[in-house]
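Quick notes on the structure that follows.
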Amino acid sequence: MIDAGKRTIMHIDVNSAFLSWTAVYELQRGATVDLRAIPSAVGGNQAERRGVILAASIPAKKYGVKTGEVIWQAKQKCPGLVIVPPNYSLYLKCSNALFELLQEYSPKVQRFSIDECFLDYTGMEIHFGNPVEVAYRIKERIKKELGFTVNIGIGRNKLTAKMASELEKPDKVHTLYPEEIPYKMWSLPVEKLVMVGPKTKKKLNDIGIETIGDLANADLELLKSRLKSYGVLIWQYANGIDNSPVRAGYHLMMKGISNSTTIKFDVEDRETAHKILLSLVESVAQRLRKARSCCRVVSIEIRNSELFSYSHQRRLHVPTNVTNEIYEAAKKLFDECWKGDKIRGLGVRVSELCSDEFIQTTMFDDADIEKKKALDAVIDRVREKYGSYLIFRGVFADREVPPIAGGVDAEIYPVMTSIL
DNA sequence: TCTGGGGTCCTAGGACCC
DNA sequence: TCTGGGGTCCTAGGACCC
């Protein structure tokens, strides 16, 4: 058993990932301008007026352009902003290349998101040497071999490694060892701490906590009474306490699959809503089958024109991955909870996944279950081979609603988790 | 013309059983 | 007859992350 205090963890974070990866790709294809050097951003579909900034270059950030912001607002701040579309298959390739390179330095590498990894360097010193020197070597190798820059944070646990990698960007290595916490982390505003979002920031500010240091030195009982177990968690984080393991292979376990969309027009009738639900279910069910899984729970979410969201879910008697069954469930859920308000967005989610291998079909089950499964399998194969839009259901023939809504293809996106 | 889309975990409260 | 209390399952909603 290794002493938890003696662990060495690195957090590797790609600087402006989507933008950097696109820039490298464009340069390789002969572009003369490096997108990283000009005000630029990767953005969603502008034509549909729902595009947001997915990543911005450092020059764009200087104009105040932020990730998550709507494109027209970003353009107001920065009129010359160059917007390029996302290329998810490219991002996956870059992410995989990074992951493979990191695995040369430790068998324990956790893919935390498409552009972040944790690497457990504990015990690897005898092979590669001092962690800081190795971090610099890794960083330079990534730059030379893969063409993009990263920040690497080093700490005794995942939390401090992650906080370290965010200290100063880009292309930097930082350490955040226990003795460095007071002067490197405590002066930061409390919302810079992982897991302190806007709501928690406000609650903390209300009781006079402004910095991470204030939180670290706050009365634990007070935090407990205001924030329950969450208060304890963030107090521990503020003090650099975290014992979570680097989970190699953890990303293989998927908890749920969802697909949601913002509709170009407000929907006011059931039939149109049903159609959109079907288009969402098409992609969810397909991804579910690709993962060789079935779901036990189906949920839907309605977002109205006032941007208020509500949801409804139900457990199924028998787990399924059949498009039609999930659609029937989604339709029923919708009819049960829709308040008749104007619908701006809809979402479908399946959860409590299980393997599709030994699904029991009950006596009461649909007699055509095998037929439905065979149909789904054929459709999946054709879509795989010839593209998603070749086959679609008759209801979509009027082209009012796209036959398969939103989302990114299953295989394109590695499954990730936001918990440490 | 105005805030995306994909995930995770936690908690409160109701239903139901013993 | 009316009033527990604990445990578990389920659902809705909220918070966070990238």
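In the text below, chain A, chain B and the rest are named by the order of the sequence lines, each starting its count at 1. This structure is a prediction, so every number in the text was calculated from the model and none was measured.
- Among the protein residues, A/Val297 comes within range of no part of the nucleic acid, since none of its heavy atoms lies under 4.0 Å from any strand.
- Spacing between atom CD of A/Glu352 and atom P of C/dC9 amounts to 10 Å, rounded to whole angstrom units.
- For A/Tyr230, there are no ring pair (Phe, Tyr, Trp, His ring centres under 6.0 Å) partners at least two apart in sequence or on another chain.
- Checking the phosphate oxygens (OP1, OP2) of B/dT8, a side-chain nitrogen or oxygen of A/Arg349 falls inside 4.0 Å.
- Comparing B/dC2 with C/dC18, their P atoms are spaced 27 Å from each other, to the whole Å.
- Taking atom CZ on A/Phe118 and atom C1' on C/dC17, their separation rounds to 11 Å, with Å as the unit.
- Atom CD of A/Glu306 is separated from atom P of B/dT3 by 13 Å (rounded to the nearest Å).
- Spacing of P atoms, C/dC17 relative to B/dT3, comes out at 23 Å, to the nearest Å.
- Checked against C/dC17, C/dA12, C/dG13, the side chain of A/Gln313 finds its nearest nucleotide in C/dA12.
- Contacts of A/Arg303 with the nucleic acid, taken as non-hydrogen atoms under 4.0 Å apart, involve only primed sugar atoms and P, OP1 or OP2.
- Atom CG of A/Leu193 is separated from atom P of C/dC17 by 9 Å (rounded to the nearest Å).
- The phosphate of B/dG7 has OP1 or OP2 within less than 4.0 Å of a side-chain N or O from A/Arg287.
- Separating the CG atom in A/Leu215 from the CD1 atom in A/Ile234 is a distance of 5.0 Å, to the nearest 0.5 Å.
- At most 12 non-hydrogen atoms from other residues, nucleotides or ligands lie less than 6.0 angstrom from OH of A/Tyr25.
- Between A/Asn259 and B/dG6 there is a side-chain N or O to OP1 or OP2 distance below 4.0 Å.
- For B/dG6, the OP1/OP2 oxygens have a side-chain nitrogen or oxygen of A/Ser260 closer than 4.0 Å.
- Remark: A/Trp72 is in phosphate contact with B/dC2, judged by side-chain N or O atoms under 4.0 Å from OP1 or OP2.
- Within the structure, every side-chain polar atom (N or O) of A/Ser258 is placed at least 4.0 Å from both OP1 and OP2 of B/dG5.
- Between the A/Arg314 side chain and the A/Ala329 main chain, no donor and acceptor come within less than 3.5 Å of each other.
- Of the candidates C/dC17, B/dG5, C/dC18, C/dC17 carries the atom nearest the A/Met195 side chain, counting heavy atoms from C-beta on.
- A/Gly347 comes within contact range of no nucleotide atom at all, as no heavy-atom separation falls under 4.0 Å.
- A/His11 has its NE2 atom 11 Å from the C1' atom of C/dC17, to the nearest Å.
- Using Watson-Crick or G-U wobble geometry with both donor-acceptor distances under 3.5 Å, B/dC18 finds its partner in C/dG5.
- Nucleic acid contact class of A/Ser309 (heavy atoms, under 4.0 Å, all strands): none.
- The CD1 atom of A/Ile263 sits 4.5 Å away from the CG atom of A/Leu346 when rounded to the nearest 0.5 Å.
- Taking the nucleotide of DNA chain B with the nearest heavy atom to each of A/Gly256 and A/Ser229, the more 5' of the two is matched to A/Gly256.
- Ring to ring, A/Phe18 and A/Tyr91 are close: their centroids are under 6.0 angstrom apart.
- Place A/Thr67 and A/Lys228 on DNA chain B by their nearest nucleotides, and A/Thr67 ends up nearer the 5' end.
- Considering only side-chain atoms of A/Lys255, the nucleotide from C/dT11, B/dG4, B/dT8 that sits closest is B/dT8.
- Taking atom CG of A/Leu280 as the reference point, atom P of B/dG4 lies 15 Å away to the nearest angstrom.
- At C/dA12, one or more side-chain N or O atoms of A/His312 fall inside 4.0 Å of OP1 or OP2 (strictly under the cut-off).
- Nucleic acid contact class of A/Ile257 (heavy atoms, under 4.0 Å, all strands): sugar-phosphate only.
- Comparing C/dC16, B/dT3, C/dT11 against the side chain of A/Arg344 picks out B/dT3 as the nearest.
- Per the geometry, CZ belonging to A/Arg226 stands 20 Å off P belonging to C/dG14, to the nearest Å.
- The nearest whole Å value for the distance from the CG atom in A/Leu227 to the C1' atom in B/dC9 is 16 Å.
- A/Glu116 comes within contact range of the sugar-phosphate backbone alone, with a heavy-atom separation under 4.0 Å but no base atom that close.
- Applying the 4.0 Å criterion to OP1 and OP2 of C/dT11, one finds that A/Ser299 has every side-chain N and O outside that range.
- Using modelled atom types, no side-chain atom of A/Asn151 and backbone atom of A/Asp13 make a donor-acceptor pair closer than 3.5 Å.
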